[in-house]
Amino acid sequence: MSYISIKNVSKQFVRRGQLTQALSHIDLEIEEGSFVSFIGPSGCGKSTLLRIIGGLTEIDEGEVRIGNRTPLEMQAAKQFGFVPQAPALFPWRTVLENMKLPFEVNRKNKINIKDQEPHLIELLKSVGLGDFQHAYPKELSGGMKQRVGIARAFATDAPILLMDEPFSALDEITRELLMLQLMQIWEQHKKTVIFVTHSLQEAVYLSDKVVVMTSRPGKISTIIDIGLPRKREESIIGTDDFRHYVSKVRQALRERWE
């Protein structure tokens, strides 16, 4: 069953007096509990499409429905978790205090924050930060900060997680480590994830579907179903099947660039 339905969506921006067509006639259906990656050339509108789904950017044409609600209705109901490129951590708060932030800003939430501490600590342990709950952001590396951001996004009951190139500023080894940890957490919680990336390996390893986009104006070139088994272990990265799907996504990207 389709959970997120995107029909004939187009978006324009005015920059320096010039009209820029960011997205053109996007049609996409996303199933509940699936992991979907957007990949394409820089400036093709991947992040814009993600922001449209999250109700952060208005559309000029078309319709987006999530279940029977609009993105703005879902946003008002706190149904989105968001992980940006740079972790948004308050430097004066400890890791655990930063983890509590979504519960504190949601005034409609009747949950006792103190009761959530064991759950938050378990999430920190799942990303290898169980011993850093009382540390401050200045004491963490870039990869550790991003792990806090990922754990925090999974801490709430929000069913949809929007991730906008969350590993782009990290070195290759750290990126791979976080990719594996993200997969482990997702397999436990099964949220619907929209993931923007430039990495072929990330897209293939993490996703059920990879949405390949064209250069601006962004359109959907092709959607590649990743037929690798769930649960995905690290060892699958070296298999012929994994390389087959990486090659398939690479070829789709090259065809659009050419």
Side-chain angles (χ1 to χ4, degrees), residues 2-30 35-66 69-76 79-89 142 145-146 149 153 158 160-170 175 192-204 206-207 209-224 248-258:
S2 174
Y3 179 47
I4 301 174
S5 178
I6 302 167
K7 295 182 178 179
N8 198 38
V9 164
S10 295
K11 177 63 184 177
Q12 296 177 331
F13 292 104
V14 177
R15 292 190 176 116
R16 299 178 182 177
Q18 301 249 342
L19 193 64
T20 299
Q21 187 78 35
L23 296 171
S24 178
H25 304 293
I26 298 289
D27 290 296
L28 181 63
E29 304 290 328
I30 297 173
F35 199 120
V36 176
S37 289
F38 297 161
I39 194 167
S42 295
C44 72
K46 303 182 296 296
S47 295
T48 298
L49 183 54
L50 177 139
R51 292 176 64 83
I52 286 172
I53 292 171
L56 301 171
T57 298
E58 295 182 355
I59 57 177
D60 298 317
E61 181 182 353
E63 181 184 48
V64 179
R65 302 291 292 183
I66 303 171
R69 293 195 272 186
T70 68
L72 283 177
E73 289 170 339
M74 292 288 283
Q75 184 188 103
Q79 298 296 289
F80 296 112
F82 186 63
V83 182
Q85 293 183 25
L89 304 180
K145 292 176 186 177
Q146 200 65 315
I160 301 172
L161 184 57
L162 307 174
M163 307 187 75
D164 190 4
E165 297 189 64
F167 308 149
S168 62
L170 305 175
R175 286 181 71 144
T192 304
V193 178
I194 313 298
F195 188 86
V196 172
T197 183
H198 282 104
S199 168
L200 303 178
Q201 282 209 346
E202 283 176 6
V204 170
L206 293 168
S207 305
K209 294 179 184 293
V210 176
V211 178
V212 180
M213 298 181 65
T214 69
S215 55
R216 192 171 60 237
K219 300 178 182 179
I220 293 178
S221 165
T222 188
I223 299 173
I224 298 173
K248 194 171 182 178
V249 175
R250 180 182 290 111
Q251 183 60 33
L253 286 167
R254 282 181 175 172
E255 287 174 358
R256 298 318 304 174
W257 284 333
E258 291 171 0

To the closest 0.5 Å, what do you measure between [atom1] ([X]) and [atom2] ([Y])?
X      : Y      : atom1 : atom2 : result
Glu202 : Ile39  : CD    : CD1   : 8.5 Å
Ile30  : Ile160 : CD1   : CD1   : 8.5 Å
Phe38  : Asp164 : CZ    : CG    : 10.5 Å
Leu206 : Met163 : CG    : CE    : 8.5 Å
Ile59  : Lys7   : CD1   : NZ    : 12.5 Å
Leu50  : Thr57  : CG    : OG1   : 9.0 Å

So do the side chains of [X] and [Y] get within less than 4.5 Å of each other, counting heavy atoms only?
X      : Y      : result
Ile194 : Phe80  : no
Arg65  : Thr70  : yes
Gln201 : Arg175 : no
Lys248 : Val204 : no
Leu23  : Ile52  : yes
Leu253 : Leu200 : yes
Phe195 : Val36  : no
Leu162 : Phe82  : yes

Ignoring hydrogens, what is the shortest heavy-atom contact between [X] and [Y]? Give both atom names and the distance.
X      : Y      : result
Tyr3   : Met74  : OH-CE, 3.7 Å
Ser5   : Glu29  : OG-OE2, 3.0 Å
Ser215 : Cys44  : CA-CB, 4.1 Å
Thr214 : Ser221 : CG2-CB, 3.8 Å
Pro71  : Ile66  : CA-CD1, 4.3 Å
Gly149 : Val83  : O-CG2, 3.9 Å

Give a yes or no answer on whether the side chain of [X] reaches the backbone of [Y] with a donor-acceptor pair at less than 3.5 Å.
X      : Y      : value
Lys46  : Gly40  : yes
Ser207 : Val210 : no
Asn8   : His25  : no
Glu73  : Gln75  : no
Gln146 : Gln85  : yes
Ser10  : Asp60  : no

Crowding at CZ, Arg216 (>12 non-hydrogen neighbours, <6.0 Å):
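Open.
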